[in-house]
Engineer: 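Quick one: the structure is below, and I'll ask about it shortly.
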Amino acid sequence: MEKILVIGAAGQIGSELVMALRKIHGNDNVFATDLKQAPDDVINSGPFQILDVMDDKRLIHFVIRNKITQIYHLAAVLSGNAEKLPIQAWEINMQSLMNILDLAREVDEIKKVFWPSSIAVFGPTTPRVNTPQLTVMEPNTVYGISKLAGERWCEYYNKRYGVDVRSIRYPGLISYKTEAGGGTTDYAVDIFYEAIKTGKYECFLKEDTALPMMFMDDAINATINLMEAPADKISTHSSYNVGGISFDPKQLANEIKKHIPEFEITYKPDFRQPIADSWPQSIDDSFSQTEWDCSAKFDIKKLTETMLNGVKAKFEEK
Ligand code: NAD
Ligand code: AKB
């Protein structure tokens, strides 16, 4: 029986991943942890504890006491927030990963680790359309640099110490359960809240800034598929490309207008525009697809409908 630790369980991905893992492995076998309180369903359906991933001593005690066999390490400072405090972001993103990799090396019971990378590993010199798995990688954001360095460390710990660490370069993730965590792709979440609340949205990216995106359900399925794939199918322990869908703010606004015809969008690019301009517009995940299933079911139409209904229901609950 697996005993799973999720670090960053109060965040955008963690809050949904914990619930999906509890359905598969049983509520009591999935330990949710974060620096802050998680949503009610996470706290009420199984174990939840405040735990700082930077505190390696408490972390190792927690892992041994609860006989943890798998770790999903999701805590990080995302691209937009990282540019505001680059050195602190580097410290958190790198040291937390090193704590987890060392733990997995030292504790025999830990059989698998999941750590997410990002499309931010690519940079302005990378081919931006259908970006392949192997290509030029010269990220120019502190977040992207930390993710690229993290990928190299994951591969190193796999080759040198046999740690079975698996990773996805997530595109921008879109969901309504928990707020997005300070990234460059967050406009594609915020836009739905403002569309419903005020009928207007001022976008911090230009209208034609295409980026790869994915609805959360598809991201969770891809993550679980990767973690459940047999070890002999998994050739890559740095990180895998995952494509999702690609659109720009104008296309998303037009999709929203099909449901809210009076919706208005304006554009006021800020410091996140150059970050977005340095990232791919679309991702080629054909290599990943040969080893495990990372296909997306949500297109822009289904994603828009689901987000509008989900955000509306959230406002009605309040
Ligand atoms: P998030 O900011 O919503 O959640 C991160 C969580 O980690 C937060 O709840 C935060 O409180 C927690 N955390 C921060 N420092 C911590 C610490 N020291 N100890 C314990 N917990 C701590 O982020 P997210 O969107 O859920 O992203 C999770 C991971 O996925 C990150 O590594 C991120 O880089 C990666 N990722 C996310 C996206 C996306 O679009 N959401 C895309 C690519 C990669
Ligand atoms: C961000 O915008 O920082 C994240 C990501 C793509 O890694 N959503």
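Note that these values count all heavy atoms, side chains included, but never hydrogens, waters or copies made by symmetry. Order of listing sets the numbers, starting from 1, for every ligand and every atom in it. Residue numbers start at 1 and run along the sequence shown. These numbers come from a predicted model, not from an experiment.
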Engineer: Give the atoms of ligand 1, by number and element, whose distance to some non-hydrogen atom of L51 is under 4.0 Å.
Structural biologist: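 It comes down to these atoms of ligand 1: 19 (N), 20 (C).
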Engineer: Looking only at heavy atoms of P171, does any of them come nearer than 4.0 Å to an atom of ligand 1?
Structural biologist: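 Under 4.0 Å: yes for P171.
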Engineer: Counting each atom of ligand 1 from 1 as listed, which ones have a heavy atom of P116 under 4.0 Å away?
Structural biologist: 29 (C), 30 (O), 32 (O), 35 (C)
Engineer: Evaluate the side-chain proximity of I174 to M214: yes if any heavy-atom separation is below 4.5 Å, no if none is.
Structural biologist: no
Engineer: Give the atom numbers and elements of ligand 1 that come within less than 4.0 Å of a heavy atom of D52.
Structural biologist: 17 (C), 18 (N), 19 (N)
Engineer: State if I92 counts as touching ligand 1 under the rule of any non-hydrogen atom under 4.0 Å.
Structural biologist: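 It does not; every heavy atom stays at 4.0 Å or beyond.
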Engineer: Answer with yes or no whether Y143 contacts ligand 1, where contact means a heavy atom under 4.0 Å from a ligand atom.
Structural biologist: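 Right, Y143 reaches ligand 1.
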Engineer: Of P139, S79, P124, P171, which is the lone residue that meets side chain to side chain contact (heavy atoms under 4.5 Å, CB included) with W279?
Structural biologist: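 Of the listed residues P139, S79, P124, P171, the side chain to side chain contact (heavy atoms under 4.5 Å, CB included) partner of W279 is S79.
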Engineer: Of all the atoms in ligand 1, which lie at a distance below 4.0 Å from a heavy atom belonging to K36?
Structural biologist: 9 (O), 11 (O)
Engineer: Check step by step if ring-ring contact (aromatic ring centres under 6.0 Å, His included) holds for Y240 and W292.
Structural biologist: CA-CA 10 Å; Y240 282 100; W292 56 283; 5.4 Å; yes
Engineer: Which atoms of ligand 1 have any heavy atom of A76 under 4.0 Å away?
Structural biologist: 31 (C), 32 (O), 34 (O)
Engineer: Can you name the residues that come within less than 4.0 Å of ligand 2, going by heavy atoms only?
Structural biologist: L78, S79, S118, I119, Y143, G183, T184, T185, W279
Engineer: What about F114 and V63, same hydrophobic cluster or not, with Ile/Leu/Val/Met/Phe/Trp/Tyr joined at side-chain heavy-atom distances under 4.5 Å?
Structural biologist: no
Engineer: Could you tell me whether G14 and ligand 1 have an N or O pair separated by under 3.5 Å?
Structural biologist: no
Engineer: Does at least one non-hydrogen atom of N93 fall below 4.0 angstrom from an atom of ligand 1?
Structural biologist: no
Engineer: Going by heavy atoms in the side chains, are K111 and Q70 under 4.5 Å from each other?
Structural biologist: no
Engineer: Ignoring hydrogens, what is the shortest heavy-atom contact between V121 and L148? Give both atom names and the distance.
Structural biologist: CG1-N, 3.6 Å
Engineer: Could you tell me if the side chain of L5 sits less than 4.5 Å from the side chain of I7, heavy atoms only?
Structural biologist: yes
Engineer: Quick one: salt bridge (Lys or Arg N to Asp or Glu O under 4.0 Å) partners of D218, sequence neighbours excluded?
Structural biologist: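 For D218, no residue satisfies salt bridge (Lys or Arg N to Asp or Glu O under 4.0 Å) once neighbours in sequence are set aside.
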Engineer: Quick one: which ligand 1 atoms are inside 4.0 Å of a heavy atom on G172?
Structural biologist: 40 (O)
Engineer: Look up atom OG in S238 and atom CZ in R152, then write down how far apart they are to the nearest 0.5 Å.
Structural biologist: 5.5 Å
Engineer: Which residue pairs pass the side-chain hydrogen bond (donor to acceptor under 3.5 Å, both in side chains) test when at least one of the two sits in residues 205-216, sequence neighbours left out?
Structural biologist: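 Qualifying pairs: T209-Q273.
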Engineer: With under 30° as parallel and over 60° as perpendicular, where do the rings of F204 and Y187 fit, or are they tilted in between?
Structural biologist: perpendicular
Engineer: Please identify which atoms of ligand 1 are closer than 4.0 Å to at least one heavy atom of L78.
Structural biologist: 2 (O), 23 (O), 25 (O), 33 (C)
Engineer: For S117, state whether at least one heavy atom is located under 4.0 Å from any atom of ligand 1.
Structural biologist: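 Yes; S117 lies near enough to ligand 1 that a heavy-atom distance drops under 4.0 Å.
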Engineer: When you measure from the heavy atoms of K147 to every atom of ligand 1, does any distance fall below 4.0 Å?
Structural biologist: yes
Engineer: With sequence neighbours left out, which residue pairs that include part of residues 33-43 fulfil the side-chain hydrogen bond (donor to acceptor under 3.5 Å, both in side chains) condition?
Structural biologist: D41-K177
